Amino acid sequence: MIDISTLSLIELAELKKQIDVEIVKRKETEKQNLRTEIQRMAANAGMTLNEILSGLDKKPRKQANAGIAQFRNPADAEQTWTGRGRKPQWVLDWLASGKNLDGLRI
């Protein structure tokens, strides 16, 4: 083991450079070893590394929660509204005519 307390500042800087270079080399070697091992494991399972890793970089999508329709347009049964968000024009028209929202409830 090196006693770094006895090294000069220049010697410490040189040692740091050597350590940084060695760390980069070892990371690359370790990465290659891991890649080889994972490819071997994939092959043993009858798959390729690409099959295993495909899609890992994609964020899972949130499923849209459109909600359940609570109200239906009496003039057009295909038009519905969940009661959330902006009111559709047909709901506004219904309310403007003095009628209650409960009259549209499904």
Side-chain angles (χ1 to χ4, degrees):
M1 193 63 129
I2 299 173
D3 181 10
I4 61 171
S5 64
T6 62
L7 299 177
S8 70
L9 187 57
I10 294 173
E11 292 171 323
L12 284 172
E14 182 57 35
L15 181 60
K16 183 181 181 305
K17 283 184 202 175
Q18 292 174 4
I19 290 171
D20 289 343
V21 168
E22 188 61 27
I23 286 172
V24 169
K25 285 180 184 177
R26 289 194 189 188
K27 276 186 176 181
E28 192 56 40
T29 300
E30 187 65 22
K31 189 188 323 183
Q32 186 57 44
N33 291 342
L34 285 170
R35 185 178 290 123
T36 301
E37 179 64 17
I38 292 169
Q39 285 173 329
R40 184 192 61 74
M41 291 170 67
N44 287 343
M47 294 182 246
T48 67
L49 186 56
N50 287 338
E51 287 175 314
I52 293 170
L53 299 179
S54 67
L56 286 181
D57 56 344
K58 297 177 185 174
K59 293 181 181 177
R61 289 184 174 178
K62 289 185 179 179
Q63 288 186 345
N65 184 4
I68 299 171
Q70 301 277 329
F71 306 95
R72 176 170 285 126
N73 183 350
D76 183 356
E78 291 192 18
Q79 293 180 335
T80 60
W81 179 52
T82 63
R84 294 167 40 189
R86 189 172 155 219
K87 291 178 180 75
Q89 187 60 48
W90 57 267
V91 173
L92 295 174
D93 294 341
W94 179 270
L95 295 173
S97 70
K99 297 178 184 169
N100 190 328
L101 193 59
D102 286 333
L104 300 175
R105 193 169 296 279
I106 297 177

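As the structure is a prediction and not an experimental result, all values here were calculated from the model. Heavy atoms only: backbone and side chains are in, while hydrogens, waters and symmetry mates are out.
- Atom-to-atom distance recorded for E30:CD and R35:CZ is 12.0 Å, nearest 0.5 angstrom.
- No donor-acceptor pair under 3.5 Å is formed between the side chain of E22 and the backbone N or O of I19.
- Here the side chains of L101 and F71 are in contact, with some heavy-atom distance below 4.5 Å.
- Here the CG-NZ distance, from D93 to K99, works out to 10.5 Å after rounding to the nearest 0.5 Å.
- Side-chain contact check for N50 and T48: no donor-acceptor pair (N or O, by modelled atom type) lies under 3.5 Å.
- Distance NZ/K16 to CG/L9: 12.0 Å, rounded to 0.5 Å.
- Between L7 and the choices I4, I10, D3, the side chain to side chain contact (heavy atoms under 4.5 Å, CB included) rule is met once, by I4.
- Here R105 pairs with D102 in a salt bridge; the nearest charged N to carboxylate O distance falls below 4.0 Å.
- The nearest pair of heavy atoms linking W90 to L104 is CZ3-CD1, 3.7 Å.
- Between K31 and E28 there is a salt bridge, since at least one side-chain N of the basic residue sits less than 4.0 Å from a carboxylate O of the acidic one.
- A 6.0 Å sphere centred on CD1 of I2 holds no more than 12 heavy atoms belonging to other residues, nucleotides or ligands.
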Next item on the list: Could you give me the CA-CA distance, side-chain angles and deciding distance for R40 and E37, then say whether salt bridge (charged side-chain N to carboxylate O under 4.0 Å, His left out) is met?
Entry: CA-CA 5 Å; R40 184 192 61 74; E37 179 64 17; 2.4 Å; yes
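- When all heavy atoms of L95 and N100 are compared, the closest pair comes out as CD2-C, 4.3 Å.
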Next item on the list: Take T6 and E11 through the test side chain to side chain contact (heavy atoms under 4.5 Å, CB included) and record every step on the way to the result.
Entry: CA-CA 10 Å; T6 62; E11 292 171 323; over 6 Å; no
Next item on the list: I would like to know whether K27 and V24 meet side chain to side chain contact (heavy atoms under 4.5 Å, CB included); could you show each step before the answer?
Entry: CA-CA 5 Å; K27 276 186 176 181; V24 169; 5.9 Å; no
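- Residues L49 and A42 come closest through the heavy atom pair N-CB, 4.2 Å.
- Clustering ILVMFWY residues whenever any of their side-chain heavy atoms sit less than 4.5 angstrom apart, transitively, puts L15 in the very cluster that holds I23.
- Between I52 atom CD1 and M47 atom CE the span is 5.0 Å, to the nearest 0.5 Å.
- With a 4.5 Å cut-off on side-chain heavy atoms, Q70 and W81 do not count as touching.
- Checking side-chain atoms of W94 against main-chain N and O of S97 turns up no donor-acceptor pair under 3.5 Å.
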